[in-house]
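Only one structure is covered here, and it is reproduced in the block below.
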There are 2 protein chains.
Amino acid sequence: MSVKHILLGILSWRPSSGYDIKLEVEVQGRQMGWGSISYGSIYPQLKKLEEKGLIQAQYTEKSGRKTTIYDLTGKGWTELSNWLAQPPSYPTTRDELYMKLSFWETAMPEDRHTLIQHLELRRQESLALLEHFQQWINNDRSAISEMGKIAMEYDQARLRLDIEWSDRIIEQLKQPAQPPHQDPNRLFEKARHRRKCALQQDGYKKRNGDQPQ
Amino acid sequence: MSVKHILLGILSWRPSSGYDIKLEVEVQGRQMGWGSISYGSIYPQLKKLEEKGLIQAQYTEKSGRKTTIYDLTGKGWTELSNWLAQPPSYPTTRDELYMKLSFWETAMPEDRHTLIQHLELRRQESLALLEHFQQWINNDRSAISEMGKIAMEYDQARLRLDIEWSDRIIEQLKQPAQPPHQDPNRLFEKARHRRKCALQQDGYKKRNGDQPQ
DNA sequence: TTGGACATGTAACGGGTTACATGATTGA
DNA sequence: TCAATCATGTAACCCGTTACATGTCCAA
């Protein structure tokens with residue numbers, strides 16, 4: 001889950017410097033849905049892993065520049081295996097768009113246009129990622145294992161679903177607003193009222209130069 | 001993206017105490033893919049939001065117990081709207097299973113069984129979540145907006161895809177191992193060799209009581 | 001009368017990013 | 001010679017969780 005394991009994993013592919021790792025994560029991470037990892041995270045962690053004897057430094061020259069290449073030790077390989085054998089925890093995604101979708105009705109029901117823009121942005125980003133993928137998977141430069149391929153195909157399927165749903169939601173948002181699917185306690189009505197009152201009161205305060213507290 | 005906005009969002013649904021919010025996030029968060037938020041995060045943040053004048057406390061009695069109910073102020077509502085109007089950032093998911101899938105080939109290619117177990121666990125978890133959803137969406141107790149419904153349907157579609165793919169991958173893993181999809185530099189071969197050497201060397205050290213460093 | 005839900009808090013810690021600092025090499 | 005890339009690091013900070021502390025009310 002942590003940077004530590006990602007580093008061990010990347011080093012299992014090939015011996016690398018901190019700089020290499022950063023680049024690798026930048027590229028691979030794009031696919032995998034993790035963003036990049038900062039140097040402030042990588043270098044200290046590499047030191048720690050070396051102290052623990054999980055990786056080993058080798059000071060070499062690489063095209064004229066000196067760099068420190070790390071590789072896994074036996075202990076490192078077994079540590080990596082142990083981690084892989086642990087049952088993975090269920091992923092949690094904090095999708096800002098999804099959250100905004102859930103709060104939209106109470107906070108700004110009158111403005112469907114902005115929400116459509118958000119969805120179009122998302123659609124476009126997913127599409128870009130999908131294309132990036134499609135050219136990656138057969139680029140003949142990168143090593144892709146049997147499982148790596150499966151994982152990528154799965155990712156592509158997910159992206160296609162995302163795009164499909166973006167379209168579907170945009171379509172619906174262009175139609176006139178529907179009443180809530182269900183609302184046994186008239187919550188949305190109340191929320192709208194609370195909002196109106198709160199905004200009015202605020203306006204009143206401003207007009208009279210009232211300071212809160 | 002932060003706790004702050006989630007709190008404002010939840011409070012837009014209905015005025016709530018810190019305790020209420022925790023419960024709400026527990027239930028809703030299940031669906032939405034965010035986990036829960038700790039009290040250590042909620043209460044201090046509520047104080048801060050009150051200081052900033054985004055929310056307002058009201059000390060009341062609720063079925064015999066005194067609680068502090070917060071509600072949005074006008075300023076709070078506009079802050080929430082402003083946030084909603086910001087283009088959402090593309091979500092990053094750190095899926096441990098996905099990562100393990102990518103590292104599996106180099107670190108433990110011989111053990112496909114454990115990986116199958118991971119996938120079966122994932123399949124089962126996704127299925128449970130899907131069922132939870134299906135009963136939620138028509139429970140006639142919760143308020144579900146037009147967009148909330150769409151979001152949930154999208155989630156269900158995603159979960160069904162996840163389950164479908166778990167099955168597909170499990171199926172493939174039960175077949176004999178395939179060679180890499182592509183590997184122009186014989187990376188996987190090399191990795192296997194590096195691993196073997198590293199483990200042997202480690203074994204050697206142990207046999208001779210050699211201390212690292 | 002006791003355990004469990006309700007209810008609120010805080011201090012220490014952890015894991016990460018940001019921003020900053022430094023310097024070597026290379027190609028335009 | 002100057003900008004870009006390669007390369008490594010650190011200190012301050014941010015945001016959140018964990019663990020702990022405290023107390024009330026209700027039902028079995």
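Naming convention: chains lettered A, B, ... in sequence-line order (proteins, then strands); numbering from 1 in each chain. Computation of the quantities below employed the complete heavy-atom set of this structure, encompassing side-chain atoms and omitting hydrogens, waters and symmetry-equivalent molecules.
- A:Lys149 and A:Glu153 are joined by a salt bridge, as a carboxylate oxygen and a charged side-chain nitrogen come within less than 4.0 angstrom of each other.
- If you take OH of A:Tyr43 and P of C:dT18, they are 17 Å apart, rounded to a whole angstrom.
- Phosphate contact (OP1/OP2 of D:dT8, side-chain N/O of A:Ser17, threshold under 4.0 Å): present.
- For the pair A:Leu46 CG and D:dT10 P, the computed distance is 12 Å after rounding to whole Å.
- Ion pairing between a basic and an acidic side chain is recognised when a charged N comes within 4.0 Å of a carboxylate O; A:Lys52 and A:Glu79 show no such pairing.
- As judged by a 4.0 angstrom heavy-atom cut-off over every strand, B:Ser41 is placed among the base-contacting residues.
- Residue B:Gly40 is classed as a base contact, given a heavy-atom separation below 4.0 Å to a base.
- The nucleotide whose nearest atom lies closest to any side-chain atom of B:Arg65 is, among C:dA7, C:dT10, C:dG9, C:dA7.
- What separates CD1 of B:Ile37 from P of D:dT17 is a distance of 7 Å, to the nearest Å.
- Nearest nucleotide to the side chain of B:Pro44, out of D:dT5, D:dG9, C:dT10: C:dT10.
- We find that CD1 of B:Ile69 is positioned 8 Å from P of C:dT8, with the value rounded to whole Å.
- DNA chain D lies under 4.0 Å from no heavy atom of any residue of residues 20-27 of chain B.
- Between A:Arg122 and A:Asp95 there is a salt bridge, since a side-chain N of the basic residue sits under 4.0 Å from a carboxylate O of the acidic one.
- Per the geometry, CD belonging to A:Glu61 stands 8 Å off P belonging to C:dT25, to the nearest Å.
- Between A:Glu105 and A:Arg192 there is a salt bridge, since a side-chain N of the basic residue sits under 4.0 Å from a carboxylate O of the acidic one.
- When distances are taken from the side chain of B:Thr67 to each of D:dG16, C:dA7, C:dG16, the shortest belongs to C:dA7.
- Regarding B:Lys4, its NZ atom lies at a distance of 13 Å from the C1' atom of D:dC15, rounded to whole Å.
- Using a 4.0 Å cut-off between charged side-chain N and carboxylate O, A:Arg195 and A:Glu110 make a salt bridge.
- A salt bridge between B:Asp183 and A:Arg141 is absent, with no side-chain N of the basic residue lying under 4.0 Å from a carboxylate O of the acidic one.
- Nearest-nucleotide assignment on DNA chain C puts the 5′-proximal partner with B:Tyr39, out of B:Tyr39 and A:Ser38.
- Distance NZ (A:Lys66) to P (D:dT5): 22 Å, rounded to an integer number of Å.
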Less than 3.5 Å apart, which donor and acceptor atoms pair up between the side chains of residues 65-72 of chain B and the rest of the protein, not counting sequence neighbours?
{"from": "B:Asp71", "atom 1": "OD1", "to": "A:Arg194", "atom 2": "NH2", "distance (Å)": "2.9"}
{"from": "B:Asp71", "atom 1": "OD2", "to": "A:Arg194", "atom 2": "NE", "distance (Å)": "3.3"}

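- When the P atom of D:dT10 is taken as reference, atom NZ of A:Lys48 falls 12 Å away, rounded to whole Å.
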